[in-house]
Amino acid sequence: MEKYIEFEHITKVFPGQKALDDLSFSVLKGEIHAILGENGAGKSTLLNILHGVFPATEGEIRIDGKKAEFSSIADSIEFGIAKVHQEIVSIPEMTVAENLFLGKEPSRHGIIDKKKMNLETEKLLGRLNCDIKPTDRMGELSTGQKQMVSIAKALETEAKVISFDEPTSSLSDKEVETLFQIIRGLKEKGITILYISHKMNEIFEICDRASILRDGMYITTLDMKKTDRDEIIRAMIGRDTAMFAQRTMPSQRKGEKPVLEVENLCGDAFENVSFQLYSGEILGFFGLVGAGRTEVMRVVFGADPYKSGKVLLNGKELHCRSPRDGINSGIALISENRKEEGILPNFNNMDNMSLPCLDKFMSGAVISTKKKMDNAKKKGSMVGLKPNEPEFMTASLSGGNAQKVILARWMSTDASVMIFDEPTKGIDIGAKAEIYLLMEKMAAAGIAIIMVSSELTEVIGMSDRIYVMRDGKMTMELKRNEFSEEKILNYTVEGDET
Amino acid sequence: MKAIYRKYRREWSVLIALFVTIILFSILEPSYLSATNVATIITQSVTYGLMGIGMTCVVITGGIDLSVGSALALVACIGAQLAKAEVPIPIWVLICLGFGFLLGVFNGFLVGKLKLQAFIGTMGTMQIYRGIGYVITGGYPVLNVPRSYRNVFNFKLTSTITFSVVVFFLFAVVITFVLKKTKIGSYAYAVGGNEDAARLSGVRVERTKMLIYGIGMMGTTLAALIMISRLGTGDPSTGQGYELDAIAAAAIGGTSMAGGRGNIFGTVIGAVLFSALKVGLVVMGVDTFYQYIVTGVVIVIAAYIEIIQGTMLAKKSN
């Protein structure tokens, strides 16, 4: 196979920061090529240069032997390079066809030719074998379907290179399967695919080769058939990760009486959920997206109302009507949507950390900046925040560091029950390992931990016990010596009633 | 110094704009900087400023309060009637402040508890408050407020400056303190920055909005009392369009209409700038019709500077 995309000595300098440093590698025609690296390694910067978002400071990109220099995104599309967005941009009120042809609607005598537009759209969607109609309203589609439209758009521009940036982050398993079939189909048509993802199993499933970046530098390109997970991780973070998603200490579970008991809890999206949580325990909650795990946790925390059932903390029944009540009872919920439900974008680190428990930082009726700052420095160093600056704006931190700020926030509340909902979603491997270690330290300090996760390796690696949920019901409880991937998956999908 | 500049770059640019305005007008019209004129500028900025400070509080939570102009008239009418009924002066002040606070809390109830869009909810109360003012006065101004009541806010500190300026200054200091140093202030910024995240961090969003709309309306209440002092009347038709002046003062001062960002110092300077501009145009003898255009252009420019500074900031942090 011939070299199709050649990156030659690409350097990109932002004020005060070198994002890419003399990076050279090439991608073959018609292959699915993963670009891997931790957050901040330079993947997005590299793609942005390829897509004409901004130019490289030095170096050049050649595509099919031709020098590719773009001054705008439109230029790159003209050249045959398309992008399937991480967060799909579309106008929900318009139909699929209207979205696809936005800005280049076919017209006759100045009037939009809807018939032709719908016909063309049907053809494009037909190539993807998906059951979307051109006249469907965009807003009514699922995330997966929206992504199909995004791919159709790439086909419409007759792209020869398509990049996928974390395409599966909000798809169901079935949608992922469909997506992979389509990507393979694109490959067969000779389209070159660039694929960015944090999910290792996906990369092994679909990619031919992977190029690895670290700190803006090119490290190596590996053939997926000849490498393994450990080699890739070593290349990405530059150190051995045998400890990755593994317990480093024995179980810290203490006491005979549970800290938290949930009895026959019923809510909108789940029913008859019962479980116990013990001090020092890490309790895994596994299930598919939509199994009702997040909803249960929100009720326990007080964020949502419940229909019936009981929540007991240290034997006393709780009646949390708001997150404030939950926090006052000593419960913390680290939401899976860090951006939407976690970070205050207008707050710096110390204010983000102190928000749930301002009472602890008062001198009389006045909030003490000094107390907030001392707390931020202390908790920041406990979670390994970089940079550990209390006045740094949290919104400009990387995903892993922003998550650490959120952890520091809930550590500041001295909660006795910490609920982590997808704690490592969208963060890089180095930060993941740090967060696992922190969870263990918290458990060792006697905090009871619930970890809701959709990553099987994470749940198996970290939990003392695992509860499996499916369609709003508990299907299984497993002790550590009973853990096995097959068993868990079995209850996730088929789910015998217990 | 550099750090201070960076933190308050928006306020600096408003301050610079204020100086440029003053210098420009005094070159064009030397009498601009006469003592009476400066006093007029400051006195006028008191009304914009007090209402603007209140508006800033509300806008920080991500809301807006269109009812402040009507509330100004309603409080002025009730205040004038109570004064004529010779209610003891301290109680008179407290009743008016309390009443104004409740008008604001009701707005906060509509927006926070009933989840109305702030624009619509307060557009409703804008009509309601205006109507109540007309009903209780029969549509006629309440005249001849006794001198003793007028003197509360209007006694002269110098030959040209009255106590109302001190009230303005004190209110600005108190609200700055409330926003920066108390829980309710932090909660206001949190709600405006990301309401869902604030709620999940234990902020009682509804209560915060009710309180902040109430506190904000105290600025309008003080402006109403000062208006009674100055004019000796409570006019149910006064204050029309003042909500826009209040928004303008906040916006010129760098308060983000999207919520979560803004401070009182900027609004105070914004109000003075707004006033300096209006007085300047009058002194210059510019036709009233053109005054509207110039004022509008200044607001648009201020908003555009906001955007430019936003992009510059974003570029730097990239």
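The chains referred to below are lettered A, B, ... by the order of the sequence lines, with proteins before strands, and numbering in each begins at 1.
Counting heavy-atom neighbours within 6.0 Å of B:Lys113 NZ, excluding the residue itself, gives a total of 12 or less. Heavy atoms of other residues, nucleotides or ligands lying less than 6.0 angstrom from NZ of B:Lys115 number more than 12. More than 12 heavy atoms of other residues, nucleotides or ligands sit less than 6.0 Å from atom CZ of B:Phe177. Environment of CZ in B:Arg207: sparse, with no more than 12 heavy atoms of neighbouring residues, nucleotides or ligands closer than 6.0 Å.
Taking the side-chain hydrogen bond (donor to acceptor under 3.5 Å, both in side chains) definition, one finds that A:Asn348 meets it with nothing, sequence neighbours left out.
For the atom pair CD1 of A:Ile367 and NZ of B:Lys180, the computed distance is 11.0 Å after rounding to the nearest 0.5 Å. A distance of 6.0 Å separates CG in A:Leu344 from OG in B:Ser201, rounded to the nearest 0.5 Å. Between the CG atom of A:Leu358 and the OH atom of B:Tyr187 there is a distance of 4.5 Å, given to the nearest 0.5 Å. Atoms CG and CD, from B:Leu200 and A:Glu340 in turn, are 11.5 Å apart once rounded to the nearest 0.5 Å. The distance from atom OG of A:Ser363 to atom NZ of B:Lys181, rounded to the nearest 0.5 Å, is 8.5 Å.
Remark: the backbone N or O of A:Ala303 is paired with a side-chain donor or acceptor of B:Arg199 at under 3.5 angstrom.
Both the backbone and the side chain of A:Thr369 come within contact range of chain B, each with at least one heavy atom under 4.5 Å from a heavy atom of that chain. At a 4.5 Å heavy-atom cutoff, the contact between A:Arg298 and chain B is made by side-chain atoms alone. In this structure, the portion of A:Phe301 lying under 4.5 Å from any heavy atom of chain B is its side chain and not its backbone. Proximity to chain B is absent for every atom of A:Met393, based on heavy atoms less than 4.5 angstrom apart.
The nearest pair of heavy atoms linking A:Gly342 to B:Ala197 is O-CB, 3.4 Å.
Ranking A:Asp359, A:Thr45, A:Asn328 against chain B, the residue ahead of the rest is A:Asp359, based on heavy-atom pairs under 4.5 Å. Ranked by heavy-atom pairs shorter than 4.5 Å toward chain A, the options B:Thr182, B:Asn194, B:Val203, B:Asp196 are led by B:Asn194. Of the listed residues (A:Arg338, A:Met362, A:Arg409, A:Glu341), the greatest number of heavy-atom pairs within a distance under 4.5 Å of chain B belongs to A:Glu341. Among the candidates A:Ile327, A:Thr413, A:Val366, the residue making the largest number of heavy-atom pairs closer than 4.5 Å to chain B is A:Val366.
One finds a salt bridge joining A:Asp325 and B:Arg204 here, because a Lys/Arg side-chain nitrogen approaches an Asp/Glu carboxylate oxygen to under 4.0 Å.
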